[in-house]
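Both counts, for ligands and for their atoms, begin at 1 and track the order of listing. Not measured: the values here are computed from a predicted model. Quick note: numbers below take in every heavy atom, side chains included, and nothing from hydrogens, waters or symmetry partners.
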Amino acid sequence: MQFEEEIDDWDFQREMMVDTQLISRGIKDVPTLRAMGTVPRHCFVPSDLRKHSYQDAPLPIGDGQTISQPYIVALMTEAAQVKTEDRVLDIGTGSGYAAAIFSRIVDHVYTIERIAALTKKAKGCYTELGYDNIECKVGDGSLGWSGKAPFDAIVVTAGAPVVPESLVEQLSDGGRLIIPVGDAFGQRLLRLTKEASGEVRTETLEYVRFVPLIGAEGWHSS
Ligand code: SAM
């Protein structure tokens with residue numbers, strides 16, 4: 001009974017999150033709002049911080065990494081403009097939450113994380129929730145996932161010094177790459193769209209601050 005009451009409370013908190021943090025800031029895409037209102041964010045947050053799961057903030061998830069602020073997850077999801085049949089690559093699995101959001105919108109999601117312990121925890125969450133359309137890999141996401149390319153959308157949730165060429169190469173015609181580019185103090189969140197002609201159009205969506213993308217086409221690890 002206590003468990004059921006707790007679940008109801010999470011549902012209420014998640015509903016409030018969608019109304020006060022997402023809709024109020026201009027997120028309109030219905031599949032994005034539906035996914036944000038469905039996926040239990042508290043399942044991806046460490047147990048000692050669980051009561052903060054629906055707050056308007058990023059939270060630590062261990063290994064010096066974070067689960068992004070809900071608004072930023074929604075903004076990036078909406079910006080990716082995905083349809084059900086799209087192939088999505090999420091780079092920086094972290095807690096697994098952002099990939100879980102995409103998994104409620106598209107048929108299949110690929111996600112890469114460089115820290116094996118985080119991948120293991122994320123996989124555990126997917127198993128618990130019965131989310132069986134997310135394929136995880138431990139590796140350097142700055143190089144993409146060439147064996148599964150092309151992707152209709154690639155979403156990077158770590159800040160890169162420049163746009164990794166491998167990621168642009170792995171976009172399908174019309175594919176979108178959402179990526180924060182800048183330095184440790186802040187980044188511009190970019191959307192690059194690869195036109196059928198091969199030309200790449202770049203838009204700035206927002207100013208953000210992400211942990212670094214560490215890898216061959218990212219920052220070098222110290
Ligand atoms: N999307 C995550 C979520 O929903 O919890 C949040 C990601 S966290 C802000 C950024 C993640 O990117 C970290 O877990 C970090 O280890 C990972 N990362 C950094 N460089 C990477 C790389 N080259 N390849 C894959 N993951 C990387």
Does this structure show an ion pair linking Asp56 with Arg25, if we count only N-O contacts that are shorter than 4.0 Å? yes
Looking at Glu199 and Lys194, is there a salt bridge between them, counting it only when a charged N and a carboxylate O are closer than 4.0 Å? no
Hydrophobic side-chain clustering at under 4.5 Å (ILVMFWY, transitive links): who's grouped with Leu167? Put none if nobody. Leu89, Ile91, Tyr110, Ile112, Trp145, Phe151, Ile154, Val156, Val163, Val168, Leu171, Leu177, Ile179, Val181, Leu190, Leu192, Val200, Leu213
Salt bridge (charged side-chain N to carboxylate O under 4.0 Å, His left out) involving Glu203 - partner list, sequence neighbours excluded: Arg191, Arg201
What residues sit with at least one heavy atom under 4.0 Å from ligand 1? Gln65, Thr66, Ile67, Ser68, Gly92, Thr93, Gly94, Ser95, Gly96, Tyr97, Ala98, Ile112, Glu113, Arg114, Ile115, Leu118, Gly139, Asp140, Gly141, Ser142, Thr157, Ala158, Val211, Pro212, Leu213, Ile214
Sorted by chain and number, sequence neighbours left out, side-chain contact (heavy atoms from CB on, under 4.5 Å) with Ile27 holds for Leu22, Thr32, Leu33, Tyr71, Ala74, Leu75, Glu78
Residues Arg176, Asp86: salt bridge by 4.0 Å N-O rule: yes
